[in-house]
Amino acid sequence: MVKVATWNVNSVKARLPIILDWLRDFAPDVVLLQEIKCTDDSFPRLEIEELGYNLETHGQKTYNGVAIASKSTIEDVVKGLPGDANDEQARYIEATVFGNLRVASIYLPNGNPIDSEKFPYKLKWMDRLRKHTEACLSADQSYVFAGDYNIIQNDDDVYDATKFAHDALTHPESRGRFRSIVFMGLTDAFRALNNATHQYSYWDYKAGSWQKDNGLLIDHILLSPVAADRLVCSGIDRNPRGKERPSDHTPVWCELTTEAPDHPV
DNA sequence: ATGCCAGGTAACACCTGA
């Protein structure tokens with residue numbers, strides 16, 4: 001089995017004690033991190049490597065930044081989402097782990113406010129992600145595209161949909177693009193096995209959102225068809241959100257069988 | 001209508017996040 005998790009940590013340095021505890025307790029095989037908020041050379045590698053993980057990072061100063069930690073070797077690394085050489089925001093890293101599993105750590109732009117340049121940036125970024133995903137799917141391979149998608153897929157994935165009715169996370173242009181990606185043949189690893197509504201991965205720091213369970217489900221794991229055939233279980237680990245000095249996000253995870261099932265070509 | 005909380009940077013205030 002390969003246990004894969006995605007977690008927006010909101011600064012890897014500020015979160016290091018919680019991350020190390022969680023790696024020891026939850027023992028994922030692969031972790032896809034977002035919002036590390038540091039450059040590659042300032043990433044706290046040694047502490048994580050001591051727990052048996054290899055690391056690949058795609059960071060930048062202050063903002064964004066993504067990384068892959070794996071108990072296996074990490075090969076064929078791609079840093080940055082293809083499709084715009086001028087995009088300087090570090091929001092995408094992709095690599096092969098455990099020999100046959102391609103994983104991507106995705107930090108999709110938030111896009112708010114809608115009347116700013118941030119919203120068209122989000123939409124263009126999603127167009128690039130769709131094109132890149134399409135290219136990936138032309139190979140019959142296990143792919144895990146996971147991360148902070150900044151998309152509320154349905155109104156029952158948010159504590160109060162009316163508050164987000166005119167938000168970049170629910171906007172029809174955002175949701176439409178997300179669905180166009182999923183509808184190419186991807187499986188939502190959490191939703192494939194969990195029917196309960198109001199299951200969240202993010203709670204605002206403000207207004208006691210965690211205590212009131214006023215959350216959003218915006219962190220998603222999307223599987224290619226071959227990876228979906230390997231899916232065994234999935235879930236959201238709320239424990240890290242309840243600790244002292246937490247991230248506002250908590251890990252979403254899934255477990256895949258080690259070997260890809262036989263497929264007719 | 002706005003701030004709420006948190007992190008980073010740089011400076012004792014501002015930007016960003018969702």
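In what follows, chains carry the letters A, B, and so on, assigned in the order in which the sequence lines appear, proteins first and then strands, with residues in each chain numbered from 1.
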| query | Separation of A:Trp203 atom CH2 from B:dA6 atom C1', in whole Å? | reply | 17 Å
Could you give the side-chain donor-acceptor pairs of residues 71-81 of chain A under 3.5 Å, partners two or more places apart or in another chain?
from, atom 1, to, atom 2, distance (Å)
A:Ser72, OG, A:Ser70, OG, 2.8
A:Ser72, OG, A:Phe98, N, 2.9
A:Lys79, NZ, A:Thr57, O, 2.9

| request: Find the distance A:Asp157:CG to B:dA18:P and express it as a whole number of Å. | output: 17 Å
| query | When rounded to the nearest Å, what value does the distance between C1' atoms of B:dA1 and B:dA11 take? | reply | 30 Å
| request: Report the distance from atom CD of A:Gln34 to atom C1' of B:dA18, rounded to the nearest whole Å. | output: 14 Å
Name the atoms and distances for all side-chain donor-acceptor pairs under 3.5 Å in residues 21-28 of chain A, with sequence neighbours left out.
from, atom 1, to, atom 2, distance (Å)
A:Asp21, OD1, A:Arg24, NH2, 3.2
A:Trp22, NE1, A:Asp237, OD2, 2.9

| message | Roughly how many Å apart are B:dC14 and B:dG3, using the P atom of each and rounding to a whole number? | response | 12 Å
| message | Measure CH2/A:Trp210 against C1'/B:dA6 and give the value in whole Å, please. | response | 17 Å
| note | Connected to A:Tyr205, directly or through other members, by ILVMFWY side-chain contacts below 4.5 Å are none
| Base, sugar-phosphate, or nothing: which does A:Phe164 touch, judged by heavy atoms less than 4.0 Å apart? | nothing
| message | Give me the distance, rounded to whole Å, that separates B:dC15 from B:dA10 when you measure between the C1' atoms they each carry. | response | 11 Å
| task | Could you tell me which residues satisfy salt bridge (Lys or Arg N to Asp or Glu O under 4.0 Å) with A:Asp213, sequence neighbours excluded, listed by chain and number? | result | A:Arg238
| task | Heavy atoms under 4.0 Å is the rule here; annotate nucleotides 7-17 of chain B 5' to 3' with B where the base is hit, S where only the sugar-phosphate is, and - elsewhere. | result | SSSS-----SS
| message | Roughly how many Å apart are B:dT2 and B:dA6, using the P atom of each and rounding to a whole number? | response | 23 Å
| request: Check A:Phe178 against A:Met126 and note the closest heavy-atom contact, atom names and distance. | output: N-CE, 3.6 Å
| task | May I ask you to list the residues sharing a hydrophobic cluster with A:Ile114, side-chain cutoff 4.5 Å, ordered by chain and number? | result | A:Phe119, A:Leu123
